[in-house]
Amino acid sequence: LLCLSVSLSLFLSHSLTTHTAHAHKCTHTLSTHSLCASRTWAMSDSEGGSAVSELPTPQTQPHVFELKHEHFTVSGFDVNDFITHCRTTVALPDLKRQLEVLHLETQGRLVELINRDYADFVKLSTNLVGLEATVERLKTPLNDISEDIKGVQEVVDKEIKTLNESIERRTQIRKERAMLERFLSLAERLDKIESLILNVEEDAEDGREETDSHLLERIANSYNQLLFFVSGCEDSQFLESMQQRIDATREWLLNALQVSFTRALDNQDESKIQFSLRMYHTCELLDIAQSTFTSHIVDPFLSELCIKCRFREHTLDGVQVFFDEVLSLCQSQCRALKTQAVHAHVPLPDPTITCVFPAVVSTLISKAAFIFSAANVSNFHRVHTLALGFLDKLEQMFEPADVQALRSSTSYTTLMSKWMFRTYFHLRFQEIVPPLERSMSSVKTAVLSASISEEILSSPSSPWLLLETQMFVGAASALETCWSDDVYLDAIAPELLSLSLQITSRCSTMLAQDLAKPVIEQLKTATPSSSSSFQDEILQGVVIALVDMDTFVRGFTELAARRILPMLQRHYNVPTEDLQEAIESAVSQLRNAHETCIFTLRDAAATACKAVCVHVAQVPQQYRMLNKPVPTAPSRHMLGMLAPLDALQNLVSPRFREQDVLAMVHHSAVAVVDEFNATAQKVLKSVEEIEASLSRLKRNDKARGLTDDDKIRKQLLIDTQFLRDQIVERGVDVLTIEVLPQLVSQIEETLERKPKSEAD
């Protein structure tokens with residue numbers, strides 16, 4: 001606490017001293033500036049006083065400048081900057097007076113501080129007496145200890161460095177010793193192997209043709225140890241000097257193992273086969289064993305098989321025989337070799353995958369490359385189907401892990417890449433699409449059985465059998481051909497699916513945009529005389545096509561469930577939901593096209609009928625100022641108003657269901673009545689306006705009988721009633737068309753409001 005109070009006192013004293021010094025320095029600087037200014041004024045006054053008159057008159061300050069202690073506590077305090085800054089806000093004499101006051105105040109506070117803490121200052125000074133002498137006494141021994149520690153540190157560092165160097169030298173010596181021991185062991189094993197080989201050769205000179213199994217096993221074990229030492233002597237000059245002897249030893253061992261292995265294979269000696277496989281495995285030469293099996297068993301077998309199958313003559317008759325014989329080889333030789341490897345506890349890969357299959361692929365590519373050509377699509381499909389069957393039977397012989405190894409092998413990839421699938425699909429496309437396009441250009445009827453063979457039809461109850469139009473018959477033929485067993489291949493399944501969806505899209509577009517045009521044109525020119533004989537072949541074909549659209553949708557849905565989805569799901573990892581969504585989208589497009597075509601025909605008939613409503617607006621011209629008799633029959637244009645509707649009804653009635661026909665007629669009748677009502681309302685409004693105008697002019701006071709306006713209303717009433725009767729005759733319930741009874745009632749009420757004499 002004493003130290004803290006003393007420190008605070010010293011800090012405050014230092015602060016006050018600093019403030020005092022800064023204030024004193026500012027006062028001195030300000031005095032200097034004031035003295036210079038006084039001299040300048042005096043000189044100006046002695047020269048005539050002109051300078052005094054030019055001095056600016058002091059202005060009243062907007063605020064009084066107050067000097068504070070904080071002005072001097074800023075870090076980096078500069079007297080000149082302070083004076084320059086204050087001159088802009090206060091006069092120099094005033095600033096000087098404030099500095100003097102602040103200086104006196106600071107000195108007074110400093111004296112008060114010293115008087116208040118005087119006892120502490122005295123006590124502190126008493127406690128610090130003799131401190132410097134004590135520090136000097138302790139300084140010398142501490143320096144001596146520091147020097148001793150530095151000396152010891154240098155000695156220790158030097159010893160550590162020496163010890164590390166010794167450890168490194170010892171480690172290097174140990175490595176060199178180990179390397180030397182490996183060199184000696186390598187040389188020893190090599191000498192031993194060479195001596196054993198020499199014994200074998202001496203036995204051969206004595207007439208022994210076959211190498212002793214025990215002696216060969218010793219050589220193999222020694223060679224295995226030799227390989228271990230060789231792996232530890234890499235990148236050494238000693239190994240380079242011994243490499244020739246090692247290679248000679250390896251060559252002799254390979255020849256001996258090959259002779260033993262081939263004799264065992266020829267004799268079907270299971271014990272010798274197991275022994276040879278163990279020796280190969282001991283010497284880490286299993287790949288050589290596989291190569292030996294391939295060159296001694298597989299290659300000669302395939303060469304003889306190619307001759308037997310007459311591949312040089314480019315005939316396909318022997319392809320099935322080739323694949324069957326290869327499967328027989330795999331089931332006999334390869335399976336036997338794999339079994340012996342298991343009994344010998346040798347991890348030999350399946351010889352079918354590593355030996356037979358690569359040799360088969362190489363043989364097919366080099367000696368039977370013609371089977372990969374797609375020039376003849378039928379032969380290509382047959383050979384590829386045989387190859388897939390061969391692969392399926394081959395995979396059935398393996399475990400799942402071996403199947404995956406087969407499919408990921410280079411030989412399998414090479415075999416699949418040789419098939420000319422693009423060419424095959426292009427040729428099939430040229431077979432399927434041109435007949436389809438020709439069938440799309442016409443809606444004439446055709447017989448499905450003449451376009452699709454009996455083999456393509458899966459069932460006598462197939463919906464395709466109900467098709468009649470050439471367009472849909474051709475589309476059905478194309479779809480069945482795409483997914484038939486004689487055309488379909490797994491490799492082109494995505495292309496076939498895309499083509500099938502394009503065919504359905506083509507049918508929907510053709511029906512919605514192209515086929516409805518002739519019917520629309522015929523409806524526009526329909527008359528009462530022609531509506532009853534609306535039997536044009538093209539128009540009948542369009543109606544049949546509309547009926548066939550529903551049949552085609554059912555047939556396509558059945559084909560998707562029977563062929564398309566199962567084939568794609570069997571060979572491709574595609575979610576069922578995605579495939580069903582694509583099929584449903586195509587079906588939805590077909591149904592939308594069917595509805596669009598129906599709506600188009602219905603609207604076309606209604607439009608043709610509504611064209612007659614133009615003559616309704618001309619009824620006033622037939623009676624105005626012409627003094628015609630009162631009408632008793634419908635207008636001539638009303639007789640043929642519904643002729644297009646009759647034509648459409650006569651066209652679709654033989655093929656469509658009765659409720660569908662009535663729905664089409666009802667919709668067209670509603671459209672015609674709406675147009676007729678709108679035109680009649682305009683005529684009635686015009687008649688009322690003209691009648692009101694004539695009434696104001698009193699031009700009809702002496703008129704007798706019905707006026708022209710009444711005759712016009714009478715004619716509209718007769719025409720409206722005639723239209724109502726015609727609609728009823730066509731099977732439409734007039735009560736469902738509210739506009740028509742309302743129009744009749746409106747005209748009758750207008751006529752009844754006339755005087756009774758005029759009404760009579």
Side-chain angles (χ1 to χ4, degrees), residues 287 290-291 293-295 297-312 314-331 333-335 338 349-428 485 487-496 567 570-573:
D287 55 337
Q290 296 174 5
S291 301
F293 178 78
T294 302
S295 60
I297 300 296
V298 179
D299 289 343
F301 175 82
L302 293 179
S303 299
E304 295 178 1
L305 188 58
C306 289
I307 297 174
K308 179 181 178 180
C309 297
R310 297 183 300 171
F311 282 162
R312 291 184 178 181
H314 289 191
T315 177
L316 299 177
D317 298 335
V319 175
Q320 183 65 52
V321 177
F322 180 85
F323 289 139
D324 292 341
E325 292 294 334
V326 171
L327 289 174
S328 177
L329 174 66
C330 295
Q331 292 175 352
Q333 297 284 351
C334 296
R335 181 172 294 180
K338 180 66 176 178
D350 197 310
T352 303
I353 300 175
T354 58
C355 301
V356 177
F357 190 74
V360 169
V361 173
S362 177
T363 300
L364 291 177
I365 294 175
S366 60
K367 298 182 180 181
F370 61 91
I371 68 173
F372 301 107
S373 175
N376 188 322
V377 291
S378 299
N379 292 338
F380 180 85
H381 184 275
R382 183 163 67 91
V383 173
H384 183 70
T385 303
L386 293 176
L388 292 181
F390 164 72
L391 293 176
D392 291 340
K393 294 178 181 179
L394 200 64
E395 291 177 353
Q396 292 175 3
M397 301 167 56
F398 302 146
E399 298 294 333
D402 294 333
V403 173
Q404 185 63 29
L406 175 65
R407 293 182 178 180
S408 60
S409 63
T410 305
S411 301
Y412 191 93
T413 306
T414 303
L415 177 63
M416 290 304 172
S417 64
K418 290 296 180 180
W419 299 100
M420 303 174 66
F421 294 117
R422 290 188 177 181
T423 304
Y424 175 76
F425 176 73
H426 180 69
L427 295 176
R428 288 298 189 184
D485 294 333
V487 175
Y488 174 80
L489 291 177
D490 295 335
I492 61 171
E495 288 79 3
L496 292 177
M567 288 181 174
R570 185 171 64 250
H571 298 285
Y572 289 91
N573 188 20

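Treat the numbers as computed from the prediction; the structure is a model and nothing was measured.
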Distance-minimising heavy-atom pair for C330 and M397: CB-CE, 3.7 Å

Distance-only donor-acceptor hits, side chain of residues 317-327, under 3.5 Å, sequence neighbours excluded:
from : atom 1 : to   : atom 2 : distance (Å)
D317 : OD2    : T315 : OG1    : 3.4
Q320 : NE2    : D324 : OD1    : 2.9
Q320 : NE2    : D324 : OD2    : 3.3

Side chains of F301 and V356 in contact at under 4.5 Å (non-hydrogen atoms): no

Note, L496 side chain near F425 side chain (heavy atom, < 4.5 Å): yes

Distance-minimising heavy-atom pair for P358 and T352: CD-O, 4.3 Å

Pairing residues for S328 by the side-chain contact (heavy atoms from CB on, under 4.5 Å) criterion, not counting sequence neighbours: none

Smallest separation among heavy atoms of F311 and K367, with atom names: CB-O, 3.6 Å

Distance in Å, K338 NZ paired with C334 SG, rounded so as to fall on 0.5 Å steps: 11.0 Å

Sub-4.5 Å side-chain heavy-atom contact between P351 and F293: yes

S409 side, atom OG; Q404 side, atom CD - distance, nearest 0.5 Å: 10.0 Å

Nearest-0.5 Å distance that lies between atom CG in L305 and atom OG1 in T363: 9.0 Å

Heavy-atom closest contact (L364 atom, F372 atom, distance): O-CE1, 3.9 Å

Reported CG-to-CE distance for the pair D485 and M567, which is rounded to 0.5 angstrom: 5.5 Å

Under 3.5 Å: donor-acceptor pair, side chain of S373, backbone of A369: no

Non-neighbouring partners of A493 that pass side-chain contact (heavy atoms from CB on, under 4.5 Å), sequence neighbours left out: Y488, L568, Y572

Nearest-0.5 Å distance that lies between atom OH in Y424 and atom CD in E495: 12.0 Å

I297 and L329, any side-chain heavy atoms less than 4.5 Å apart: yes

Side-chain heavy-atom pair T414, T410 within 4.5 angstrom cut-off: yes

Shortest non-hydrogen contact from Y412 toward L406: CB-O, 3.2 Å

CH2 on W419 to CG on L489, rounded to 0.5 Å: 9.5 Å

Closest non-hydrogen atom pair, Q290 against P349: NE2-CD, 3.1 Å

Residue list, side-chain hydrogen bond (donor to acceptor under 3.5 Å, both in side chains) with E395, at least two apart or on another chain: R407

Per-pair distances, 0.1 Å, donor-acceptor, side chain in residues 384-394, under 3.5 Å, sequence neighbours excluded:
from : atom 1 : to   : atom 2 : distance (Å)
T385 : OG1    : H381 : O      : 2.6

Contacts of T423 that satisfy side-chain contact (heavy atoms from CB on, under 4.5 Å) - sequence neighbours left out: A374, M420, L427

